[in-house]
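Notes to accompany the following structure.
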Amino acid sequence: MEQTLVLIKPDAVGAHHIGDITKAYEDAGLEIRAMKMMQMTDRIARIHYAEHLAKPFYGELSAFMTSAPLVAMVLAGENAIARVRELHGATNPANAAEGTIRKRFAKNGSENAVHASDSPESAAREVHIFFSETEIF
Ligand code: CMP
């Protein structure tokens with residue numbers, strides 16, 4: 001079964017939406033294989049968001065993601081990567097479909113409630129930034 005990394009970002013954790021968001025994954029038939037609350041450090045941000053390091057918004061992205069605790073999860077299921085991205089909706093909630101997690105809970109395009117891996121290669125890389133193999137069930 002395919003695995004993907006999900007982060008419930010500091011805005012959604014602070015707004016008490018951990019339960020709502022986790023329920024959306026479970027209602028969709030995805031399995032939670034690993035889960036923990038943690039605070040992202042500058043070092044983890046640089047590794048996780050390596051492809052965005054040179055982008056003009058990296059400073060803002062990193063400051064937000066390290067500002068308060070997040071919840072990291074490994075979700076598994078058939079086509080988990082695409083299905084989770086569909087559940088999340090567009091990066092900016094203004095463009096996200098009704099009923100998606102970002103439409104329901106995101107504030108804007110940067111404080112946008114959730115992150116998910118965008119390809120099998122990203123998932124394989126990102127899962128192991130946050131979890132060791134023995135923490136994944
Ligand atoms: P995420 O899925 O975590 O992956 C990269 C993140 O960068 C993305 O979600 C957004 O939160 C953020 N992002 C993308 N574009 C912008 C932008 N133009 N300004 C600020 N943040 C952005």
Side-chain angles (χ1 to χ4, degrees):
M1 267 208 285
E2 194 170 70
Q3 290 187 346
T4 187
L5 179 88
V6 163
L7 302 177
I8 303 179
K9 294 187 180 184
D11 59 317
V13 171
H16 313 293
H17 292 311
I18 297 172
D20 296 316
I21 293 172
T22 304
K23 183 168 178 2
Y25 301 136
E26 292 199 310
D27 285 350
L30 292 153
E31 291 180 17
I32 299 171
R33 294 288 178 84
M35 178 158 67
K36 66 179 158 198
M37 180 176 276
M38 57 175 286
Q39 191 145 357
M40 187 179 269
T41 61
D42 287 339
R43 176 171 155 76
I44 298 172
R46 281 197 300 276
I47 295 170
H48 176 66
Y49 285 124
E51 84 228 58
H52 297 305
L53 265 175
K55 305 245 174 87
F57 59 81
Y58 181 76
E60 183 194 338
L61 172 63
S62 166
F64 165 58
M65 290 300 293
T66 59
S67 65
L70 54 73
V71 173
M73 285 185 217
V74 177
L75 297 181
E78 291 295 326
N79 296 319
I81 294 169
R83 284 171 59 210
V84 168
R85 291 182 73 79
E86 197 174 322
L87 286 174
H88 284 185
T91 302
N92 190 322
N95 305 322
E98 285 304 325
T100 58
I101 288 172
R102 286 184 173 133
K103 191 64 161 187
R104 294 168 67 196
F105 304 120
K107 290 183 189 163
N108 55 53
S110 24
E111 301 197 11
N112 62 352
V114 280
H115 164 85
S117 307
D118 63 5
S119 66
E121 296 72 29
S122 310
R125 191 182 79 84
E126 293 177 359
V127 159
H128 292 103
I129 295 170
F130 292 89
F131 296 98
S132 63
E133 205 54 43
T134 53
E135 294 175 305
I136 303 169
F137 290 88

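Note that the structure is a prediction, hence the values are computed from the model and not measured.
- Interatomic distance, CZ of F57 versus CZ of F64, reported as 13.0 Å (0.5 Å rounding).
- Atom-to-atom distance recorded for D118:CG and T91:OG1 is 9.5 Å, nearest 0.5 angstrom.
- Evaluation of the side-chain hydrogen bond (donor to acceptor under 3.5 Å, both in side chains) test over residues 54-63, restricted to residues two or more places apart or in two chains, returns H52-K55, E60-S110.
- Counting heavy atoms from C-beta outward, P93 and K107 have side chains that stay 4.5 Å or more apart.
- Applying the side-chain hydrogen bond (donor to acceptor under 3.5 Å, both in side chains) test to residues at least two apart or on different chains, none of the pairs has a partner in residues 92-105.
- Between L70 and K9 the shortest side-chain heavy-atom distance does not fall below 4.5 Å.
- Here CG of N112 is found 11.5 Å from CD1 of I101. Values are rounded to the nearest 0.5 Å.
- Annotation: ring-ring contact (aromatic ring centres under 6.0 Å, His included) contacts involving residues 117-137, sequence neighbours excluded, comprise H48-F130.
- Every residue two or more places apart in sequence or in another chain that forms a side-chain hydrogen bond (donor to acceptor under 3.5 Å, both in side chains) with D20 is listed here: H17.
- For the atom pair T66 OG1 and L61 CG, the distance stands at 9.0 Å (nearest 0.5 Å).
- Pairs engaging residues 23-41 under the side-chain hydrogen bond (donor to acceptor under 3.5 Å, both in side chains) rule: K23-D27, Y25-H88, E31-R33 [sequence neighbours left out].
- One finds the CD atom of E126 at 7.5 Å from the OG atom of S119 (value rounded to the nearest 0.5 Å).
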Determine all donor-acceptor pairs shorter than 3.5 Å in which one atom belongs to a side chain in residues 71-86; sequence neighbours excluded.
unit_1 : atom_1 : unit_2 : atom_2 : d
R83    : NH1    : E78    : O      : 2.9
R83    : NH2    : A28    : O      : 2.5
R85    : NH1    : A116   : O      : 3.0

